[in-house]
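Working notes, beginning with the structure itself.
No experiment lies behind these values; they were computed from the predicted model shown. Atoms considered below: every heavy atom in the structure, side chains included; atoms not considered: hydrogens, waters and symmetry mates.
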Amino acid sequence: MAIKMKILHYPENGKMTTFANGLSEVFDVKSDKIPPAYNCDKDRLLIAGISTGKTFSADLSMFLRGLSKDRVQNVAIFTDSNDEVIATMKSYIEGAGAKVVDVKKVKGSFLPFLKGVKPEEMADLKAWANEVIENLK
């Protein structure tokens, strides 16, 4: 049973893009940047790869604050951000009405424009995403 989902990433380049593209191949869902070309619309799950510092860009903040239940029911986040930033992301999402079902920490790049991901990192992320989806079924 397939569920209606989106895979999004922020920023447009770097490791989060590589991770999102890898997940999109597995689940046959096109990945897109945040803010996406086509916004979420009654999606059951959003898997979001987010890499940000302590401050959020206006686009990212507005997107997270707009994740109402009409747009998406559940959000799973993979991120290289610290716990304080993760808490802020969760408060934005849950304040809008969506439910954060899981957060996975991934290893970020020393330089933000580097895209390289080790095979074991990708395998670990894919296993996590599969578990998130299975828990929603």
- Item | Chi angles and distances behind the side chain to side chain contact (heavy atoms under 4.5 Å, CB included) call for Ile47, Trp128 | CA-CA 11 Å; Ile47 298 178; Trp128 168 79; 4.1 Å; yes

- Message: Checking Ser68 now: which residues fulfil side chain to side chain donor-acceptor pair (under 3.5 Å) with it, not counting sequence neighbours?
- Response: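 Ser68 satisfies side chain to side chain donor-acceptor pair (under 3.5 Å) with no residue once adjacent residues are dropped.
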
- Over 12 non-hydrogen atoms of neighbours within 6.0 angstrom of NZ in Lys90: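 Incorrect, the count does not exceed 12.
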
- Query: More than 12 heavy atoms of other residues, nucleotides or ligands under 6.0 Å from NZ of Lys4: is that the case?
  - Reply: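 Buried by this count: over 12 neighbours within 6.0 Å.
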
Just so I know, are the side chains of [X] and [Y] near enough to count as touching, which here means a heavy-atom distance under 4.5 Å?
{"X": "Asn135", "Y": "Glu131", "result": "yes"}
{"X": "Leu67", "Y": "Val75", "result": "yes"}
{"X": "Ile77", "Y": "Met89", "result": "yes"}

Is it true that a side-chain atom of [X] and a backbone atom of [Y] form a donor plus acceptor pair closer than 3.5 Å?
{"X": "Asp43", "Y": "Asp41", "result": "yes"}
{"X": "Thr52", "Y": "Thr55", "result": "yes"}
{"X": "Lys54", "Y": "Glu84", "result": "no"}
{"X": "Asp124", "Y": "Glu120", "result": "no"}
{"X": "Asp59", "Y": "Pro35", "result": "no"}

- Query: Between Tyr10 and Phe63, is the gap from one ring center to the other below 6.0 Å?
  - Reply: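 That pair fails the under 6.0 Å test.
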
At their closest point, which heavy atom of [X] faces which heavy atom of [Y], and how far apart are they?
{"X": "His9", "Y": "Ser31", "value": "CD2-OG, 4.3 Å"}
{"X": "Ser81", "Y": "Ile86", "value": "O-CD1, 3.6 Å"}
{"X": "Leu64", "Y": "Ala96", "value": "O-CB, 4.1 Å"}

- Query: Are Val106 and Glu121 close enough, and set up right, to give a side chain to side chain contact (heavy atoms under 4.5 Å, CB included), and what steps lead you there?
  - Reply: CA-CA 8 Å; Val106 294; Glu121 290 177 305; over 6 Å; no

- Look at the side-chain heavy atoms of Ile, Leu, Val, Met, Phe, Trp and Tyr, link any pair under 4.5 Å apart, and say whether Leu45 and Leu23 land in one connected group.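 Yes: a chain of side-chain contacts under 4.5 Å links Leu45 to Leu23.
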
- Message: Using the rule given for side chain to side chain contact (heavy atoms under 4.5 Å, CB included), can you reason through Arg44 versus Leu136, listing the C-alpha separation, both sets of side-chain angles and the distance that settles it, and then say yes or no?
- Response: CA-CA 9 Å; Arg44 178 107 185 268; Leu136 290 178; 4.0 Å; yes

